[in-house]
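These notes are about the structure you will find just below.
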There are 2 protein chains.
Amino acid sequence: MIRVVVVDDEQLVRAGLRLILEAAEDITVVGEAADGVGALEQAHRLRPDVVLLDVRMPGVDGLTAAPQVIAAGAKVIMLTTFDLDEYVHQALRVGAVGFLLKDTPPRDLAAAVRTVAAGNAMLAPTVTRRLIDSFAERGPARRDAARERLAPLTIRELEIVREVARGHGNADIARRLTMSESTVKAHVSRALAKLHVGNRVQLAILVYDADLL
Amino acid sequence: MIRVVVVDDEQLVRAGLRLILEAAEDITVVGEAADGVGALEQAHRLRPDVVLLDVRMPGVDGLTAAPQVIAAGAKVIMLTTFDLDEYVHQALRVGAVGFLLKDTPPRDLAAAVRTVAAGNAMLAPTVTRRLIDSFAERGPARRDAARERLAPLTIRELEIVREVARGHGNADIARRLTMSESTVKAHVSRALAKLHVGNRVQLAILVYDADLL
DNA sequence: TCCGGCCCGGACGGCGGGTAGGGGTCTTCC
DNA sequence: GGAAGACCCCTACCCGCCGTCCGGGCCGGA
């Protein structure tokens, strides 16, 4: 049985959600709250599997409450009437695994709760679309290309180049890796030659593109 | 009526998909193909709204065919038995707006076709989950923070700092922006002071995080 | 044995970063 | 209207760090 808490400032919405969810035999609504504070309190006291959290609410809103609710051990599905980019970005960043519009059909809502409870994620189709778009443009296209370029480097060289990309000077790197500054210079120099770049900034750019922190 | 083409190397799978989709009254399967070449041919000839494309196929597989199918004006939903990260990344990068596993229930499959035809996107829950994860860690969190840090810079300083982040030397920058090398150095120096960083590599890192190319 | 990776030293030229200051425009305040 | 000040852009000069080139030594594996 999946235990759910619904949080919304409008009592009518809460009632509607409860009605929809209770209709499913494997879901039970164990609590309600009208704002972020109540949500957090219920999350700690009732230990629900899933919390449906309205984005906008008077007092502490859903977005600010979400991180702590998640920390309390619950999966969070955000609910909203409008899927503004700002909301979505922030919600997903703080760890929400669902983002639905309030016009979601009942059966999809129940399905979302099950999906999330199972450790997966569920987004409204429009949200999914935009998430894919933002992923595609920033995709791992350059990443693979950059890694290809970094391939000829030896282990040690790569290690030093990563330090370079962190913005450290040669002296710093020498200290961190406990070696002579001359050695660091030699490694950097050979890396520059292998990668056909002129200075350490371009070195850092490559490491950055390759996504190696 | 949503016009669909199904592409899979196994005839049995194609028949199954056709059966499922034809059961929906607003969907009609107008064509089938067994590989990427056939998919592209059908896409051009039949102009379907949606193409269901198997990832792995003998000959030209779905991933390589997808870009051209999309270019032909169809929405693409990728199908696969295993949701390997590599597949997902590549598929979404080339413009697929759906990614489903072959164990997707019939009604979800039809729903996915409708969703995609409406211009939105539909992913398998497990895929959505991992997409969110990769978004959260690489999200616009640092971007905004970095832009905040770069705020105190003047227009000109920012202009120069961006050149720095491209890996250009001071002399290069001076030539590009038609000013003295001394001037460039001064700007860089003041930028370093304002941002409280020690060298130009860290400067480049900030610009990179801020996503200003 | 030779080869390749990893480590070190020294010296040199050039680039990078700090400092000081001149000229320009705009606001503020008398 | 004019002076003071703030801010930005530009420049010249000095020095430390970076990058290169020359050495060389130590190890592991083909």
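We name chains A, B, ... by the order of the sequence lines, and we start the count at 1 in each one.
Among the nucleotides C/dC6, C/dG18, D/dG19, the one closest to the side chain of A/His187 is C/dC6.
With hydrogens and angles ignored, the 3.5 Å screen pairs a side-chain donor or acceptor of A/Gln202 with a backbone N or O of B/Gly167. Counting only distance, with no hydrogens or angles, the side chain of A/Thr104 and the backbone of A/Leu100 share no donor-acceptor pair below 3.5 Å. Counting only distance, with no hydrogens or angles, the side chain of B/His44 and the backbone of B/Leu40 share a donor-acceptor pair below 3.5 Å.
For the side chain to side chain donor-acceptor pair (under 3.5 Å) criterion with B/Glu157, the lone passing option out of B/Lys194, B/His187, B/Arg162 is B/Lys194.
Distance check, rounded to the nearest 0.5 Å: CZ of B/Arg56 to CE of B/Met78 gives 12.0 Å. Taking CD1 of A/Ile132 as the reference point, atom CG of B/Leu92 lies at 5.0 Å (rounded to 0.5 Å). Note that the CG atom of A/Asp54 and the CG atom of A/Asp61 stand 9.0 Å from one another [nearest 0.5 Å].
A pairwise comparison of heavy atoms in B/Leu206 and B/Ala146 identifies O-CB, 3.8 Å as the closest pair. Of all the heavy atoms in A/Thr64 and A/Pro67, the pair that sits closest is O-CD, 3.3 Å. Taking every heavy atom of both residues into account, B/Ala66 and B/Val94 meet most closely at CB-CG2, 4.0 Å. Of all heavy-atom pairs spanning B/Ala191 and B/Val161, the tightest one is CB-CG2, 3.7 Å. Between B/Ala74 and B/Pro48, the shortest heavy-atom distance links the atoms CB-O, 3.6 Å.
The separation between B/Glu181 atom CD and D/dT11 atom P is 11 Å, rounded to whole Å. In this entry the distance linking NE2 of B/His196 with C1' of C/dG18 reads 16 Å, nearest Å. If you take CZ of B/Arg190 and P of D/dC10, they are 11 Å apart, rounded to a whole angstrom.
Taken residue by residue, residues 199-206 of chain A places heavy atoms nearer than 4.0 Å to DNA chain D at A/Arg200. Applying a 4.0 Å cut-off to non-hydrogen atoms, the residues of residues 148-177 of chain A that approach DNA chain D are A/Gly169, A/Asn170, listed by residue number.
The side chain to side chain donor-acceptor pair (under 3.5 Å) check on B/Asp83 picks up B/Thr126, B/Arg130, with sequence neighbours excluded.
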Dump every N/O contact between nucleotides 12-15 of chain D and the protein below 3.5 Å, one line per pair.
residue, atom, partner, partner atom, Å
D/dA12, N7, B/Ser182, OG, 3.1

Using a cutoff of under 3.5 Å, can you pull out all pairs of nitrogen or oxygen atoms linking the protein to nucleotides 25-27 of chain C, with atom names and distances?
none

Exercise. Begin from the C-alpha positions of A/Asp8 and A/Lys102 and carry the test salt bridge (charged side-chain N to carboxylate O under 4.0 Å, His left out) through to its verdict.
Key: CA-CA 11 Å; A/Asp8 195 298; A/Lys102 285 188 176 172; 3.0 Å; yes
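In this structure, a donor-acceptor pair under 3.5 Å is present between the side chains of A/Asn170 and A/Arg200.
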Exercise. Assign a letter to each nucleotide of nucleotides 22-30 of chain D from its 5' end: B, base within under 4.0 Å of a protein heavy atom; S, sugar-phosphate only; -, no contact.
Key: ---------
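With the nearest nucleotide of DNA chain C identified for both A/Lys194 and A/Met179, A/Lys194 has the one nearer the 5' end.
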